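Counting begins at 1 with the first residue of the sequence. Numbering of ligands and ligand atoms starts at 1, following listing order. These numbers come from a predicted model, not from an experiment.
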Amino acid sequence: MAKSVLSADRFHNEEAAFEYVEAQLWPNGPVCPHCENSDAAKIGRLQGKTTRVGLRKCYACRKPFTVRIGTIFEDSHLPLRLWLQAIHLLCSSKKGISTRQLQRTLGCGMKTAWHLGHRVRFAMAPGGSIGPLGGAGKVVEADETELARSRKTRRPADFRRKTHNPIVLSLVERGGDIRSTMLDHRSAMGVVRANVHPESNLMTDTATRYKYAPVARHDMVDHSKGEYVRYEYPITGEPELMISTNTLEGFFSVLKRGLVGIYQRVSTKHLDRYLAEFDFRQNTREALEINDEQRADLALKGFPGKRLTYQTTHSETEA
Ligand SMILES: [Zn+2]
């Protein structure tokens, strides 16, 4: 399937893969991960028949390093070209790519495919402390979807028993980013409080879970009565205000077709990472003039600095 897309050198040649990753992660030249030395005069390249690709030596701290150190890449010895293929496939598949499909396309084992997929998802998750969505004069829509149920049929889809029916709460700043969270022990209000700027205009349906939301203004549409959009025309000359959570409808549709159709056996334990994957693609979608290659570069930039926190899921092999 991806033969023509994956024909670039970096997907097949390890030297080219290193060159590509180095250019992305070291835009100003190599940086020693041990002492942060970036003085080109004090960094040498180690080359020889038995030397690993991309190996360098820092003359400030005397230690060797490669671009993999201090990143998610450090966790495994898989070739970088395989990583680049996995990143590319996950970034260019609108509804995600199953472990089996990844395994077939990459020609690797199931376990390797699983690990690659989950690490790429992990890189796609926002790192560090991210600021709240919204702000003064900005609209944030909030809505939930039941993954094992469709709004049309109202019948649970054929989900595995252990998966029950997870509820996902998504928040989107109109014209901005989307953020999705699985609601289990987390309350909707807790998620709103942690992720929405208090001066925002929040838009939800009439569900009581949003009552007394800590925001400057809260508008509701009554989904139970079939109301999905309503317009308000202020008399002060301001633009009309569209009250709806419709931005999330299209996203939920892709999310459910992906999680139910492609991934099928997503356990709630890993759901947050799948949500990070769908959020990431939505936030870097084509409508924002970001193409597949640029999206993959953005995912690649999420690899540094995340290694240590990944350990918790290191040896799990279920979907
Ligand atoms: Zn150093």
ask   = Any chance OH of Tyr212 has more than 12 other-residue heavy atoms, nucleotides or ligands included, within less than 6.0 Å?
value = no
request  = Please report the shortest heavy-atom distance between Ala8 and His12, naming the atom on each side.
outcome  = O-CD2, 3.3 Å
task = Apply side chain to side chain contact (heavy atoms under 4.5 Å, CB included) to Ser38 and list each qualifying residue two or more places apart in sequence or on a separate chain.
result = Val31
query = Do Glu144 and Arg209 meet the salt-bridge criterion of a basic N to acidic O distance under 4.0 Å?
reply = yes
task = May I ask you to determine how many protein N/O/S atoms are under 2.8 Å from the Zn ion (ligand 1)?
result = 4
key: Working for side chain to side chain donor-acceptor pair (under 3.5 Å), residues His223 and Thr206   = CA-CA 7 Å; His223 288 175; Thr206 48; over 6 Å; no
key: Atom of Glu289, atom of Gln294 and distance for their closest heavy-atom approach   = O-OE1, 3.5 Å
